[in-house]
S.K.: 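Could you have a look at this structure, given as structure tokens, before my questions?
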Amino acid sequence: MKNILENDIMYLSGVGPSKAKLLQQELNIFTFKDLLYYFPYKYVDRSKVYQINELHKDLQYIQIKGTFIRLEEGKTLNGKRKLTGYFSDDSGIIEVLWFTNPKWLLSNLKLRKEYILFGKPSIFANRINIVHPDIEDIEKWENKISNKISPQYSLTEKTRNNNFTSKSISKLVENLIHSIEDKIEETLPPYLIENYHLLDLKNSLINLHFPKDEKTLKKAEDRIKFEELFYIQLELLKAKIIRKEKTIGFVFHKSKDKLVRECFFTKIPFQLTNAQTRVLREIRSDFESGKQTNRLIQGDVGSGKTMIAILSALIAIDNGFQTCLMAPTEILAQQHFRSVSKLLDGLDVNVSLLTGSIKKKERIKIHENLISGKLNLLIGTHALIEDKIEFQNLGLVIIDEQHRFGVEQRAKLWKKNISPPHILVMTATPIPRTLAMTLYGDLDISVIDELPPGRTPIITQHYKDNQKTRVFEFMEKQIAEGHQVYVVYPLIKESESLDYKHLEKGVEIIKDYFPSPEYEISVIHGKLKSAEKEAEMQKFINKETQIMVATTVIEVGVDVPNASLMIIESAERFGLSQLHQLRGRVGRGANQSFCILMTADNLTDTGYKRISTMVNSTDGFEISEVDLQLRGPGDMEGKQQSGFVFDLKLANLSKDGQLIQYVRNIADEILELDPNLEKPENLILINTLENLKKYKTNFREIS
Ligand code: ADP
Ligand code: MG
């Protein structure tokens, strides 16, 4: 039988077709359940009563207690009727205005009777007033304890215009709760509720809409947050256990080491950092475990992830397996191909590059070599996940800068072999630990938390647009010392053509100041064909050009150690993690490097906070913490990466870090005792997970 909570909202008493339409279109409320889980966004303490002389326009909803000393009917400038009341308490008098029902009010309101008014102070002609307050008799108000914490629901312009207020929603929720109260089924097992002193589901839901008191409200919120985060962790940990138990992984033996050793002893011009060595050891132990590897390698820009990728690839190849390395952009794939080819030159390894712009003839050859097993390492872009591509025996997939790839794309790669290959994903977008726990909770995580020695921290400075000449002078000096310079312009989809104009204009100005032939400039933007981009990039790498003007295509991974200055135009338009990525393009050589952030004269508070964070910190993890606080996790790159659609009503991934850790431990303990959740007391966990997933798919279909 269909659960009553799935009923169409239209059939709730008090709704009907036209209100249903409003609820659906404006508030996304389609079913009884949607309404039940449409929680207030805040509560107003209606036990607090302000004095009239304390009021100012920045206050939200307030209450005042007093009497009307005069009521005046009148007309507005455009001829509408209005009623003005003069409301007074011990501290002063305030004007109260109504534009609807003035007649009715006039005959019903009594002078010198005590009322409570509830509303938002506003300002008109330099005077504080209140428009359309709620009015309540003092006795009634004093008796209605439950109403003292009053819920406020988020509404839209349109709902308000239809006289649909927070109170209207409260009324509907009241009807709803009356009709379904005994049908709300608990979604957590009794032992969890008991052990962790949680409020039961029914009371939590009721109290979120009609709080009994502050304390109960807090318990209700805590319970819902607990549940939301707990089930995410349970699902992630369960997936991880299943993978580890059920998926057999190819075993790569250390005894097969050959290319790895050769590369190590004859090719790598430096010593691995301790962090690199540790991460490599973690990868090795995965490879030897007989289970499929699914590991995320987190490391700040420049921490040397590519070397880890190459060595891992060689381990696979030594064991007779093929490897593919996938990068998010053509430029990056080409660069990987170049540096891998250079490093492996002289070793017995076959490497090819496959991107969208590789010619058909070569492409066919690559396909053949993949199937015959002649090709050991394939480097490329999305082109790698095309259906046509088949490997002889793909043993390892490495995904660089993984936040750029969606879950579905990754899943396609999984399927390129009968047994799933080992997977390593690399990301230079550090994220706080508790967030990683959620976004990548089903992966093992390694962190390269150390930069190679001898790097001098980049100096970052903030300049306003009107200080351009000084910036140019500085550029000139850097170039005179033999260094190269990046100038980056933002490119934001919605205003692409406008951005493009900015870039063109910028190039003109730079060319004026740095004329050819003394100076040469590379320009890269999204409108160029990829061969053209590659040619421009190559000129910069070969030092034929001193200045590279680009849009964010160069954001990820590009490695030109001689570049010592990064100038970012309109820096206020970039996100923090993007700025950090961009800055990581310099500081790759031994020289002191600089990053100059150019902005407009006036910045918003958030804009200013971002810029000053960049100026004061070079630590990717610290920067990502600030980013998370400023933006909230909703925008965090990689939100959908774990394949879990988050539909969090109360929990907040950036603020509830402690709770995430807490519920993860609880989920961990449960799975430790009952890995498949087969015990009778855990049946409820399985059922709830199923329901959540079912809801999720519905959600996906409609959105
Ligand atoms: P990222 O982690 O951003 O991908 P890369 O792998 O591109 O970083 O490495 C950045 C630079 O550091 C490269 O030029 C690389 O050759 C160099 N590098 C990597 N590991 C070390 C090391 N252990 N010692 C010195 N230099 C290193
Ligand atoms: Mg890299």
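Counting convention: from 1, in listed order, for ligands and their atoms alike. Predicted model only: the values in this text are computed from it and were never measured.
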S.K.: Would you say Gln478 and Ser564 are linked by a side-chain donor-acceptor pair, where the criterion is simply a distance under 3.5 Å?
M.R.: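 The answer is yes; a qualifying pair exists.
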
S.K.: Is any N or O atom of Pro561, backbone or side chain, closer than 3.5 Å to an N or O atom of ligand 1?
M.R.: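 N/O-N/O distance below 3.5 Å does not exist for this pair.
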
S.K.: Kindly list each side-chain donor-acceptor pair under 3.5 angstrom involving residues 341-351, sequence neighbours excluded, with atom names and distances?
M.R.:
from   : atom 1 : to     : atom 2 : distance (Å)
Ser341 : OG     : Phe337 : O      : 2.6
Asn350 : ND2    : Lys374 : O      : 3.2

S.K.: Under a 4.0 angstrom heavy-atom cut-off, which atoms of ligand 1 come close to Gln276?
M.R.: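 Contacts of ligand 1 toward Gln276, numbered from 1: 19 (C), 20 (N), 22 (C), 23 (N).
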
S.K.: Could you tell me if the ring centre of Phe252 sits under 6.0 Å from that of His422?
M.R.: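 Yes, they do, as the ring centres are separated by less than 6.0 Å.
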
S.K.: Quick check on contacts: which atoms of ligand 1 are under 4.0 angstrom from a heavy atom of Gln271?
M.R.: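 In order of numbering, the contacting atoms are 22 (C), 23 (N), 24 (N).
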
S.K.: For ligand 1 and Gly304, I'd like to know whether there is a polar contact (N/O to N/O, distance under 3.5 Å).
M.R.: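 Yes.
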
S.K.: How far does OH of Tyr486 sit from CD1 of Ile524, to the nearest 0.5 angstrom?
M.R.: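 Rounded to the nearest 0.5 Å, the OH-CD1 separation comes to 9.0 Å.
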
S.K.: Rounded at 0.5 Å granularity, tell me how far NZ in Lys533 sits from CD in Glu536.
M.R.: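 Taking NZ in Lys533 and CD in Glu536, the distance rounds to 11.5 Å.
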
S.K.: Could you check whether any heavy atom of Gly299 sits closer than 4.0 Å to an atom of ligand 1, since that is the contact criterion I want to use?
M.R.: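 It does not, in that no heavy atom of Gly299 comes within the 4.0 Å cut-off of ligand 1.
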
S.K.: Minimum distance, heavy atoms only, to atom 6 (O) of ligand 1: which one of Leu272, Thr306, Thr277 is it?
M.R.: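 When every heavy atom of Leu272, Thr306, Thr277 is considered, Thr306 comes closest to atom 6 (O) of ligand 1.
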
S.K.: Show the atoms of ligand 1 that are less than 4.0 angstrom away from any heavy atom in Arg588.
M.R.: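 Here the atoms of ligand 1 in question are 3 (O), 7 (O), 10 (C).
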
S.K.: Could you list the residues that satisfy ring-ring contact (aromatic ring centres under 6.0 Å, His included) with Tyr489, not counting sequence neighbours?
M.R.: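 Result, ring-ring contact (aromatic ring centres under 6.0 Å, His included) vs Tyr489: none returned.
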
S.K.: Just jot down the ligand 1 atoms closer than 4.0 angstrom to any heavy atom of Thr273, in number order.
M.R.: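 So the answer, numbered in order with elements, is 23 (N).
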
